[in-house]
Amino acid sequence: MSTKVRVRFAPSPTGHLHVGGARTALFNWLFARNKGGTFVLRIEDTDVERSTEESYRSVLEAMKWLGLDWDEGPAIGGDYGPYLQSERKDLYREWAERLVSEGKAYVCFCTPEELARKREELKKQGKDIKYDRQCRDLSPEEVKRLRDEGKPHVMRFKTPLGGETGVHDLVKGDVTFSNTTLDDFVIMKSDGFPTYNFAAVVDDALMKITHVIRGDDHLSNTPKQIVLYEALGVPAPAFAHVPMIMGPDKGRLSKRHGATSIGQFKQDGYLPEALVNYLALLSWAFDGATDLFTVEDLKRKFSLEKVSSTPAVFDYPKLQWMNGEYMKQRSIGDRVDLVVPHLERAGLVKSPLDDDTRSFVEKVVEVVGERLKVGEQIVDLAGFFFKDEVEYDPAAAEKFLRPLHVGPAFKILEERLRALEEFDETTIDPVMRGLVSEMGLKARDLFQPVRIALTGSRKSPGLFEVMVILGKDKTLERLEIARHKFT
RNA sequence: GUCCCCGUCGUCUAGCCUGGUUCAGGACACCGCCCUUUCACGGCGGCGACACGGGUUCAAAUCCCGUCGGGGACACCA
């Protein structure tokens, strides 16, 4: 038995948790659970400017909602803490100074303005944008003098001037980078915080991370990190770079395409288990034939070998379908809870639901049934139950309510329905079907007009159920209004 | 511009490593039929792909090279 697997998800709290980040977190989590390993959550808040408390809370909340529980990290601690990089500043400083004293890194006094200017210059000449290593060979005396003067400075790593660095990636295979393409990159910023590449290496080493699973946008950072591990004299973890998630236009996934943050999906009425299942299937497949996996399935079946190296387009329709599959498994109570916020937001029900309203909503959700795939759809699917006036789909109304037979048919129907003492499916059914055959119509010739008169749409829950929930009075009223309006 | 990654139905993918069993399988979406004297569900069926060009081989989606296309990285962001 080799050493115990330890993986980590290391988001920076600079925004909400995104589907891309969530998928990375999920793969790490699944890998850990599959191997009986440890899943660490580490917060990379070294960018003081952009990190916010709010993002931090939002990320944690999204993780919890998805069910991605961490074994070590914020709120619960662990043997390798602290788990916020901002609380580990001394550690990075210590390690960085050690590299400097060993001659593996150096202090650099170039100002950001100077560097930006030089970069512009290089860019104009069409040359490689690289640091010119101006401070690499400053004498120790010079360095001491400038530091004593309090001149702002960063620390840079002395990248090997030649040779190449190979990455043995568990997803991409062997990738080699020429060291000349590496730069003398910054490891400590002038504000005393470490840069990403340095902090990640120090922490992964200290936290005994065995596998780094992350987005493949980090692949080109990896050689830099590997040379750091070597300089620090600590073994590098295994790497697995998973492909990114793209938008439908194959570009970067953005709000323009739809929801991108986990919180947004939650708010739209998606189920966490559906999102987890869907995300797991982006660049990973078990047998290419199975789509639905419980979390337990995923834990049991996940493996890095089956992660593909091709990027995946986020397909909203498939997610919706999948959410619908999980919706079927939820109790009526769950679905009511899911739907209420959307009805509320649409102004269809009022904040604290009284018992009558709640049981009405319950009936509505019941008849909407499997048509409801995502919580927010309740408004389109069943809004007409709550509104005083029907909003007709113009094309549908024109096609089904305008025809000549509808007026007379409605009139008779209204009379017969009015005569009903009990207004339920067993009494409505014979009235409707009877009228159809009497008038020599096809069922849809009467049913569709009635449906549109009552709901405004050509698609709705079963007609009789709709009528029952609406009740006799509203049903008659809507029939009448439609008759006057269109015939 | 330089470096790196990727290229199977519209989309997610199986197959590729270990070439023949594949005129390429599943799912979502779309279309049609059946079921239902309504909507939907369900059942059945259809449409639909190996980026292109060379090479290796008796045989290539599978191996090699090139082209094109997409993406990523080149910061005192992570």
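A note on names: the letters A, B, ... follow the listed sequences, proteins ahead of strands, and every chain is numbered from 1.
In this structure, CG of Leu381(A) is placed 11 Å from P of C41(B), rounded to the nearest angstrom. The nearest whole Å value for the distance from the CH2 atom in Trp284(A) to the C1' atom in A14(B) is 13 Å. Between the CG atom of Asp287(A) and the C1' atom of A27(B) there is a distance of 11 Å, given to the nearest Å. Residue Met327(A) contributes atom CE, which lies 16 Å from atom C1' of C41(B) at whole-angstrom precision. Distance Leu319(A) CG to A29(B) P: 12 Å, rounded to the nearest Å. Atom CZ of Phe239(A) is separated from atom C1' of C5(B) by 16 Å (rounded to the nearest Å). Between the P atom of C9(B) and the CG atom of Asp315(A) lies a distance of 14 Å, rounded to the nearest Å. Remark: C1' of C3(B) and CZ of Phe185(A) are 16 Å apart, rounded to the nearest angstrom.
Within 3.5 Å, a donor on the side chain of Arg451(A) pairs with an acceptor on the base of U38(B), or the reverse. One N or O donor and one acceptor, one from the side chain of Lys318(A) and one from the base of A27(B), sit under 3.5 Å apart.
Residue Leu441(A) is out of contact with every strand shown, counting any heavy-atom pair closer than 4.0 Å. Tyr278(A) comes within 4.0 angstrom of nothing in the nucleic acid, heavy atoms only. Looking at heavy-atom distances under 4.0 Å, Leu463(A) makes contact with a base.
Comparing the P positions of C52(B) and C31(B) gives a spacing of 29 Å, expressed to the nearest Å. For the C1' atoms, the distance linking A14(B) with G69(B) amounts to 24 Å, nearest Å. Taking atom C1' in both C23(B) and U18(B), the straight-line distance is 24 Å, to the nearest Å. Separating the P atom of U8(B) from that of C44(B) is a span of 29 Å, rounded to the nearest Å. Separating the C1' atom of U36(B) from that of C30(B) is a span of 23 Å, rounded to the nearest Å. The same atom, C1', is picked in G54(B) and in G10(B); the two are 30 Å apart, to the nearest Å. The P atoms of A78(B) and C6(B) are separated by 27 Å, rounded to the nearest whole Å. Taking atom C1' on both nucleotides, U67(B) is separated from C28(B) by 33 Å, rounded to a whole Å.
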For residues 440-454 of chain A, run the donor-acceptor check on the side chains, cut-off 3.5 Å, and write out each pair with its distance to 0.1 Å, sequence neighbours left out.
unit_1: Asp445(A); atom_1: OD2; unit_2: Lys442(A); atom_2: N; d: 3.2
unit_1: Gln448(A); atom_1: OE1; unit_2: Arg451(A); atom_2: NE; d: 2.7
unit_1: Gln448(A); atom_1: NE2; unit_2: Arg458(A); atom_2: O; d: 3.3
unit_1: Arg451(A); atom_1: NH1; unit_2: Ser460(A); atom_2: OG; d: 2.6
unit_1: Arg451(A); atom_1: NH1; unit_2: Pro461(A); atom_2: O; d: 3.2

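Under the side chain to side chain contact (heavy atoms under 4.5 Å, CB included) test applied with Val242(A), the options His218(A), Arg214(A), Arg23(A) reduce to a single match, Arg23(A). Each of Phe302(A), Tyr278(A), Trp284(A) was evaluated against Phe293(A); a single residue qualifies, Trp284(A), per the ring-ring contact (aromatic ring centres under 6.0 Å, His included) test.
Pairing for C52(B) is with G66(B), a Watson-Crick or G-U wobble pair whose two hydrogen-bonding atom distances lie under 3.5 Å. With both pairing distances under 3.5 Å, A73(B) is matched to U2(B) as a Watson-Crick or G-U wobble pair. Across all strands shown, C23(B) has no partner, as no Watson-Crick or G-U wobble contact with both distances under 3.5 Å is found. As the counterpart of A78(B), no nucleotide is assigned, since no Watson-Crick or G-U wobble pattern has both distances under 3.5 Å.
Ion pairing between a basic and an acidic side chain is recognised when a charged N comes within 4.0 Å of a carboxylate O; Arg98(A) and Glu94(A) show no such pairing.
Listed pair Lys459(A) / A40(B) meets the phosphate criterion, a side-chain N or O lying under 4.0 Å from OP1 or OP2.
Residues Asp45(A) and Gln85(A) have side chains that never bring a donor and an acceptor to within less than 3.5 angstrom of each other.
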If the sugar-phosphate is the primed atoms plus P, OP1 and OP2 and the base is the rest, what is the B/S/- string for nucleotides 65-78 of chain B, using protein heavy atoms under 4.0 Å?
-----SSSSSSBBB
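Of the residues near RNA chain B, Thr310(A) and Phe314(A), the one whose nearest nucleotide (by heavy atom distance) lies more toward the 5' end is Thr310(A). A residue-by-residue look at Ser309(A) and Ser460(A) shows that Ser309(A) has its nearest nucleotide of RNA chain B further toward the 5' end.
Ring pair Tyr316(A)/Phe265(A) is parallel by interplanar angle, where below 30° counts as parallel and above 60° as perpendicular. In this structure, Phe239(A) and His241(A) have parallel ring planes: the angle between them is below the 30° cut-off, well short of the 60° mark.
Closest non-hydrogen pair, Pro13(A) versus Ser55(A), comes out as O-CB, 3.2 Å.
Within 6.0 Å of CD in Glu425(A) there are more than 12 heavy atoms belonging to other residues, nucleotides or ligands.
Taking every side-chain heavy atom of Lys306(A) into account, G15(B) is the closest of C12(B), G15(B), U38(B).
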